2 protein chains.
Amino acid sequence: MSGDVRRQPAEKPSTPVVAPTSPAVPERMATMMDVAKLAGVSHQTVSRVLNDQAKVSPQTRTRVLDAMRQLDYQPNSAARALVTRRSKTLGLVTFDTTLFGPASMVYGIEQAARDAGYFVSIASIRTLSRRAVLDAIGQLRLQSVEGIVAIVPKDSAVVALSAVPPGIALVGVGVGGGADVPMVGVDNVVGAALATRHLLSLGHKTVHHISGPPGWPEARERATGWREALTAYAAPAPPVLVGDWSARSGYLAAQRLAGDPTVTAVFCANDQMALGALRALHEVGRRVPADVSVVGFDDVPEGPYLIPPLTTVQQDFAEVGRRSLALLMEQIATGARPHRQIHLTPQLKVRDSSARAVA
Amino acid sequence: MSGDVRRQPAEKPSTPVVAPTSPAVPERMATMMDVAKLAGVSHQTVSRVLNDQAKVSPQTRTRVLDAMRQLDYQPNSAARALVTRRSKTLGLVTFDTTLFGPASMVYGIEQAARDAGYFVSIASIRTLSRRAVLDAIGQLRLQSVEGIVAIVPKDSAVVALSAVPPGIALVGVGVGGGADVPMVGVDNVVGAALATRHLLSLGHKTVHHISGPPGWPEARERATGWREALTAYAAPAPPVLVGDWSARSGYLAAQRLAGDPTVTAVFCANDQMALGALRALHEVGRRVPADVSVVGFDDVPEGPYLIPPLTTVQQDFAEVGRRSLALLMEQIATGARPHRQIHLTPQLKVRDSSARAVA
DNA sequence: CTGTTAGCGCATTCAA
DNA sequence: TTGAATGCGCTAACAG
């Protein structure tokens, strides 16, 4: 055997051995062997105190622990992953983490994952195309993630999920009820109905809807909930104004509504669009809620400080994160991919932007 | 040698070999050896086509490539990392990715990292305490990340960065000029001065300031820029109202200003607080910008749709992300940790919330 | 251009 | 309770 000391370069022995820039800093991380040597045990024993917690005498354990500390020992995750075939990392595919919803979920998932002893590797995509999603998943698989949570709330992206080999644990978030992968999301139909009924019960003859863009399950489901509530109240369903989730689109859509004095209630598919709508209404002098009531969806932190404070539908994003993780863990544990769909019930937050219709 | 086929369990040969749930799905991923065998070459050659791109005849290469495809071969990252000592992953420590700023930077960094062929592993922390930061970094180190970007814009967290062993590449984002680690951030002093001078040049006698919370470098620097601009104009410096970045705190602070008719201009340390201030002003009937001008900082996407559209200081978060990554890459390449500080110059976005002071 | 031989650092049998 | 082998899948020297 070649002994135990760090190998010195055989050729060019004239070059100084110590690195010139960082004196006294060990170039190589300490290995389990180093710890073992220092503690006077075999590397096996070190491994045991690292994992088992058992079958090691208290004395040796402390000796080993000391040695670890002394060497600032960091277990090599690659080596461990290689032999255990478990990377202890999860993959997260997300779209535009700049938005409040996705960002909150990422946060929730990440927290839950770390609590469960998992690392999380993120792959944000620029577009929700099938290809982008598949690429991201490919990246994550390269990294040997044990499972993937995909926050890709668009049809084109959802279909990509179906193409993921069944061997890998997978959860879709906000991908709608139509997906054939395990999913968790808020019950958008219920949420939208909640908002619409609230408005209807306030005496409004009908409720107008500024929706999310086509091809987004959540947009579709919210429109459905809105329509169902209208039907339940036997109220006429005005044509939907299509937005794209942005404040700007809400603003533009509401401008078209603002001129019509019969419009007294508007349900927007998210808070950003509601914010834009508030602005459009304000511009033409229609007061909220005196003349028109507005309701949003999401409950962004700024909601209570808009002019006026926004009535909205609250989603528990953190809970969505936790549930996704639980669902993923279940798959990892069982090795199967059950066709489960978890729908969380949202809540209506009534604030000042909605009020009784003027008779 | 023990042959080449997948081992079958020696004991209990009666149990069916195929997994009951997922038929025809290979239990184990294909290895390089499998590919080699199928292609009729050595595993080394497979490795070569995987990395080198060179020294392989076109024919063998295509044969190997075919075999890979056929087997849906995924290189084992753990094995590769073990031998190359490079994980190809970066760590990201962030605080509250729900906020627009951090979220945008995470996005920017992640994109840049992937373009550079790196994976990114995220660790969000709940509090910006020294301990939380150190824990997160510890987690990331366990994962053998090659470098860490820490978005921890608070003093208590910044000091923790100094404690990180010099062996590991590290970049602080938005940690202020006082940090002794490489950092990148926007030039807050300049940005705040820009906003304040804008207001002053509009004829306002002075500018009030709603600041970020104590202990945040960015809050401090923005206050400094504001004060410097005031001094430059020989304007009196009113007492600072301290907020906590939230819309609520901006609202509360502005309420105290709103009653004072001499207040004609307010510079808020971020857009959320400005939003709250807008609301407070509106409540007491003070018109913006006719009576009071308001300027924010960050340029959130909703800014143009507030009532009124918000004048603000725009930061290029994506660029911050890119620069952080570049700085990190430089460290990884050189092995040194240069004491570099990169300050990006922000821009003033003038919209409707600021106007000439009434004479 | 291609194959052979060694480990990378660790966990998992086995023996002692 | 501990130590000695073996191999995870791959890349890095070497040969040929």
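Throughout, protein chains are lettered first and strands after them, A, B, ... in sequence-line order, and every chain is numbered starting at 1. Note that the structure is predicted; figures quoted are calculated from it, not measured.
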*Asks:* Could you tell me the separation between the CG atom of A:N51 and the C1' atom of C:dT12, rounded to a whole number of Å?
*Replies:*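 Going from CG in A:N51 over to C1' in C:dT12 covers 11 Å.
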*Asks:* Remember a base hit wins even if backbone is also touched, and classify A:V41 as base, sugar-phosphate or nothing at under 4.0 Å, heavy atoms.
*Replies:*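 The residue A:V41 makes sugar-phosphate contact but no base contact.
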*Asks:* Would you mind reading off the distance between B:R85 atom CZ and C:dC10 atom P, rounded to a whole angstrom?
*Replies:* 10 Å
*Asks:* Using OP1 and OP2 only, check whether a side-chain N or O of B:T31 sits under 4.0 Å from D:dC8.
*Replies:* no
*Asks:* Closer than 3.5 angstrom, by distance alone: can the side chain of A:T62 be matched with the main-chain N or O of A:P58 as a donor-acceptor pair?
*Replies:* yes
*Asks:* What is the minimum heavy-atom distance between B:Q341 and B:A179, and which atoms define it?
*Replies:*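 For B:Q341 versus B:A179, the nearest heavy atoms are OE1-O, 3.4 Å.
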*Asks:* Using whole Å, what does the distance between atom C1' of nucleotide D:dT11 and atom NZ of B:K88 come to?
*Replies:* 15 Å
*Asks:* Less than 4.0 angstrom from a charged side-chain N to a carboxylate O is my criterion; do A:D72 and B:R141 meet it?
*Replies:* yes
*Asks:* In a table with atom names and distances, give each donor-acceptor pair under 3.5 Å that connects a side chain of residues 318-327 of chain B to protein atoms at least two apart or in another chain.
*Replies:*
{"unit_1": "B:E319", "atom_1": "OE1", "unit_2": "B:R322", "atom_2": "NE", "d": "3.0"}
{"unit_1": "B:E319", "atom_1": "OE1", "unit_2": "B:R322", "atom_2": "NH2", "d": "2.8"}
{"unit_1": "B:E319", "atom_1": "OE2", "unit_2": "B:R323", "atom_2": "NH1", "d": "3.3"}
{"unit_1": "B:S324", "atom_1": "OG", "unit_2": "B:V320", "atom_2": "O", "d": "2.5"}

*Asks:* In whole Å, I'd like the distance from the CE atom of A:M32 to the C1' atom of C:dG9.
*Replies:* 8 Å
*Asks:* Between B:T60 and C:dT2, is there a contact of a side-chain N or O with OP1 or OP2 at under 4.0 Å?
*Replies:*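 Checking B:T60 against C:dT2: at least one side-chain N or O falls below 4.0 Å of OP1 or OP2.
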*Asks:* Under 3.5 Å, side chain of A:R337 to main-chain N/O of A:I168, donor-acceptor pair present?
*Replies:* yes
*Asks:* Starting at atom CG of A:L50, determine the distance to atom P of C:dC10, rounded to an integer number of angstrom.
*Replies:*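 Answer to the nearest Å: 8 Å.
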*Asks:* Roughly, in whole Å, what's the span from CG in B:L82 to P in C:dG7?
*Replies:*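 Roughly 14 Å, once rounded to whole Å.
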*Asks:* So which protein N/O to nucleotides 4-6 of chain D N/O distances come out below 3.5 Å?
*Replies:*
{"unit_1": "D:dA4", "atom_1": "N6", "unit_2": "A:Q44", "atom_2": "NE2", "d": "3.2"}
{"unit_1": "D:dA5", "atom_1": "N6", "unit_2": "A:Q44", "atom_2": "NE2", "d": "2.4"}

*Asks:* Mind checking what makes salt bridge (charged side-chain N to carboxylate O under 4.0 Å, His left out) contact with A:D66, not counting sequence neighbours?
*Replies:*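 Applying salt bridge (charged side-chain N to carboxylate O under 4.0 Å, His left out) to A:D66 gives A:R69.
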*Asks:* Using whole Å, report how far CG of A:D34 lies from P of C:dG9.
*Replies:*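 Rounding to the nearest Å, CG of A:D34 and P of C:dG9 are 8 Å apart.
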*Asks:* On DNA chain C, nearest-nucleotide positions of B:P58 versus B:A79: which is more 5'?
*Replies:* B:P58
*Asks:* D:dT2 phosphate, OP1 or OP2: any side-chain N/O from A:T45 under 4.0 angstrom?
*Replies:*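 No.
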*Asks:* Using five pairs at each end of the helix from C:dC1-D:dG16 to C:dA16-D:dT1 to define an axis, what is the angle between those two axes, to 10°?
*Replies:*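 That helix gives 30° between its end axes.
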*Asks:* Does anything in residues 135-147 of chain B reach DNA chain C, meaning a heavy atom under 4.0 Å, and if so which residues?
*Replies:* none
*Asks:* D:dG9 P sits how many Å from B:L71 CG, rounded?
*Replies:*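 About 13 Å, once rounded to whole Å.
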*Asks:* Would one find a side-chain N or O of B:N76 under 4.0 angstrom from OP1 or OP2 of D:dC8?
*Replies:* no
*Asks:* Quick check: does any side chain N or O of B:Q139 sit under 3.5 Å from a backbone N or O of A:F119, one acting as donor and the other as acceptor?
*Replies:*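 Flag not set: sc B:Q139 to bb A:F119 has no pair under 3.5 Å.
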*Asks:* By the definition side chain to side chain contact (heavy atoms under 4.5 Å, CB included), identify the one residue from B:L90, B:V184, B:I109 that meets it with B:L328.
*Replies:* B:L90
*Asks:* Distance only, no hydrogens: is a donor on one side chain within 3.5 Å (strictly under) of an acceptor on the other, for A:S77 and B:S144?
*Replies:* yes
*Asks:* Please report the C-alpha distance between B:V152 and B:I125 in whole Å, then the side-chain angles of each, then the deciding distance to 0.1 Å, and finally whether the side chain to side chain contact (heavy atoms under 4.5 Å, CB included) criterion is met.
*Replies:* CA-CA 9 Å; B:V152 290; B:I125 55 186; 4.2 Å; yes
*Asks:* I want to check one thing: is the phosphate of D:dT11, taken as OP1 and OP2, less than 4.0 Å away from some side-chain N or O of B:R80?
*Replies:*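 Answer yes for this pair, as a side-chain N or O of B:R80 is under 4.0 Å from OP1 or OP2.
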*Asks:* What distance do B:Y107 atom OH and A:R126 atom CZ have between them, rounded to the nearest 0.5 Å?
*Replies:* 6.5 Å
*Asks:* According to salt bridge (charged side-chain N to carboxylate O under 4.0 Å, His left out), who are the partners of A:R80, at least two apart in sequence or on a separate chain?
*Replies:* none
*Asks:* For C:dT2 and B:S57 - does any side-chain N or O of the residue sit under 4.0 Å from the phosphate oxygens OP1/OP2?
*Replies:* yes
